[in-house]
Undergrad: 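Below: one structure in structure tokens.
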Number of protein chains: 2
Amino acid sequence: MSKKTEAVTRRVDPEEAAFLRDYRPADFPRPSVTVDVAAFSVLDAELRVLLVKRGGHPFKGAWALPGGFVRVGDGHRDQGEDLDAAATRELEEETGLRASDVYLEQLGAFGKAARDPRMRVITVAYYALIRPDLVPLVRGGGDAAAADWLSVNALRPADMAFDHHGIVTQAARRMAERVSSSSIASSLVTKTFTIPELRHVYAILTGKPQDPGNFRRKFERMVEEGIIEQAPGKRITASKPALVYRFLPEKTEHECRRR
Amino acid sequence: MSKKTEAVTRRVDPEEAAFLRDYRPADFPRPSVTVDVAAFSVLDAELRVLLVKRGGHPFKGAWALPGGFVRVGDGHRDQGEDLDAAATRELEEETGLRASDVYLEQLGAFGKAARDPRMRVITVAYYALIRPDLVPLVRGGGDAAAADWLSVNALRPADMAFDHHGIVTQAARRMAERVSSSSIASSLVTKTFTIPELRHVYAILTGKPQDPGNFRRKFERMVEEGIIEQAPGKRITASKPALVYRFLPEKTEHECRRR
DNA sequence: TTAATAGTGTCTGTAAGACACTATGAT
DNA sequence: ATCATAGTGTCTTACAGACACTATTAA
């Protein structure tokens, strides 16, 4: 994950090695660091996000994003897990879904001083896109009293814990921007889909109705570019059956890009 | 700053108040958290970034982004400074520039486990755009042995500390994407500027030459939209003098957006 | 007068938006 | 037959890229 940032591999000279051996971190106060994951899906023609109901204080009974502490080692020998790995782990723990089936991208760090009344917590927020056919497989995970897919438009800030309402709002906006200029919509439709089905997803994400004719042109361009191909079979609908398509596996890594 | 994330103001019920009074954070290991600022400017027709030469181990003698620890309070009474505030403070300490003169935006969190050989450090990276006429005012700050504006294209990964090369690269790419769809270029030209001057900035940021005629059309559109207006006077050049323009103060807050 | 750069006009292709239209299958 | 929805065609406008061209000033 995060292939963009090259690994820190280098030769350490003897002087530096000695420095590192003798290094003792000063005991400045440190913040707690968490990852929170806004997992989106499109269900019943609505954009929804997976939230868990908090069972304990603070914000008892409010809805919160699934998340947890980043595992930090106890020295410079064991330094713990990457941020991306932490997000992947939380997602798997909380949903049971494999990270390879999911689009996951970092949104950014949120660190207002009083966002958690207990102590200083800085959170690194991610957003994930879950194909709707995987949603039934999601099993409520871990310590949450309850989990549910809530409609993003119906979320009330007062019902949400911490600054999570703001995070969800930002994530949804980012997704809408991104969906027009990439093929991340592939992570929000079933493996095979019809043109109207994909159009509906676009309409929900952008919040604007999509013209059938115009969308079809965009769609055909994607087919020509090799992003989409036709799949065998037809989708039976209430009226005329529709042709079925699928996304081709992308050449570019699509997991955990930062932007 | 960060107007997008609404403040966490809420009524705390008595039960929760008691919980918070008695709350003692468990002593899980915590990472250190820093902010790093990639401050860009355009000098001598090159995109440059402000780097400081490390005076101590690790990566002694390598170039690093200016940055430092986020100030964290010592309890839930004093929780320290926001991330945005930390970035602003670092920028001011390191350059002497006022944050109001600078475009500053969060890039994201970087948290590979071994990015700092001493201990686990998660950094929140920001990028800043500095108007070239402010660059002479920059005074080397604080603890750095030396600071310089290095050409981004000429940076060699091996000469740079930690994962800072990757951060600079990502920041430069993000800037190039953003510049076409917003007016952040206003933070990379002098207060008044000519059409060719702005065109050169665009050419440098995008890495592609900009056609005079086509750029002029885009420019005229910005004038019509009220983003730019003509300023009095003319710019004396080696040949024909050029008309001078200025950006109008934006209606939208442009400080510290997250994206 | 000439070099250099500011600034103008025009042609082309691509894509978006609006919208009228045809085709096909379930009932 | 007819209704609902899949799918098609076309007109207009906007913008990007390429490029030939004119205008104005310093030297």
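What you see is a predicted model; the values in this text were computed from it and never measured. All values below come from the heavy atoms of this structure, side chains included, with hydrogens, waters and symmetry mates left out. Chain letters run A, B, ... following the sequence lines, proteins first and then strands; every chain starts at 1.
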Undergrad: Can you measure A:F215 atom CZ to D:dA6 atom P for me and round it to whole angstrom units?
TA: 12 Å

Undergrad: Within this structure, what is the CG-CG distance for the pair B:D159 and B:L155, rounded to the nearest 0.5 Å?
TA: 8.5 Å

Undergrad: Please check: side-chain N/O of A:R48 versus main-chain N/O of A:F40, any donor-acceptor pairing under 3.5 Å?
TA: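 No; judged by distance alone, with no hydrogens or angles, the pair does not exist.
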
Undergrad: What integer distance in Å separates A:E220:CD from C:dT14:C1'?
TA: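 Rounded to the whole Å, the gap is 15 Å.
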
Undergrad: Distance check needed: C:dA18 P versus A:K218 NZ, whole Å only.
TA: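 Rounding to the nearest Å, NZ of A:K218 and P of C:dA18 are 13 Å apart.
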
Undergrad: Grab the CZ-P distance between B:R221 and D:dT13 for me, whole Å please.
TA: 16 Å

Undergrad: Can you name the one residue among A:V201, A:I204, A:V179 that meets side-chain contact (heavy atoms from CB on, under 4.5 Å) with A:L188?
TA: A:V201

Undergrad: Check the orientation of B:F219 and B:F193. Use parallel for under 30°, tilted for 30 to 60°, and perpendicular for over 60°.
TA: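 Because their plane-to-plane angle is over 60°, the rings of B:F219 and B:F193 count as perpendicular.
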
Undergrad: Can you pull every protein N or O that's under 3.5 Å from an N or O on nucleotides 19-27 of chain D?
TA:
from: D:dC19; atom 1: N4; to: B:D211; atom 2: OD2; distance (Å): 3.0

Undergrad: Starting at atom CD of A:Q210, determine the distance to atom P of C:dA18, rounded to an integer number of angstrom.
TA: 10 Å

Undergrad: Does any N or O in the side chain of A:R246 come within less than 3.5 Å of the main-chain N or O of A:I228, such that one atom is a donor and the other an acceptor?
TA: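 Absent.
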
Undergrad: Between C1' on C:dG9 and CZ on B:F219, what's the gap in Å once rounded to a whole number?
TA: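 Going from CZ in B:F219 over to C1' in C:dG9 covers 19 Å.
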
Undergrad: According to side chain to side chain donor-acceptor pair (under 3.5 Å), who are the partners of A:T194, at least two apart in sequence or on a separate chain?
TA: none

Undergrad: Please determine whether a side-chain nitrogen or oxygen atom of A:R217 lies at a distance below 4.0 Å from atom OP1 or OP2 of C:dA18.
TA: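 For C:dA18, neither OP1 nor OP2 has a side-chain N or O of A:R217 closer than 4.0 Å.
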
Undergrad: Starting at CG of B:L198 and ending at C1' of C:dA6, how long is that distance when rounded to a whole Å?
TA: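 So the CG-C1' distance, B:L198 to C:dA6, works out to 15 Å.
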
Undergrad: Figure out the CZ/P separation between B:R199 and C:dA6, and round it to whole Å.
TA: 6 Å

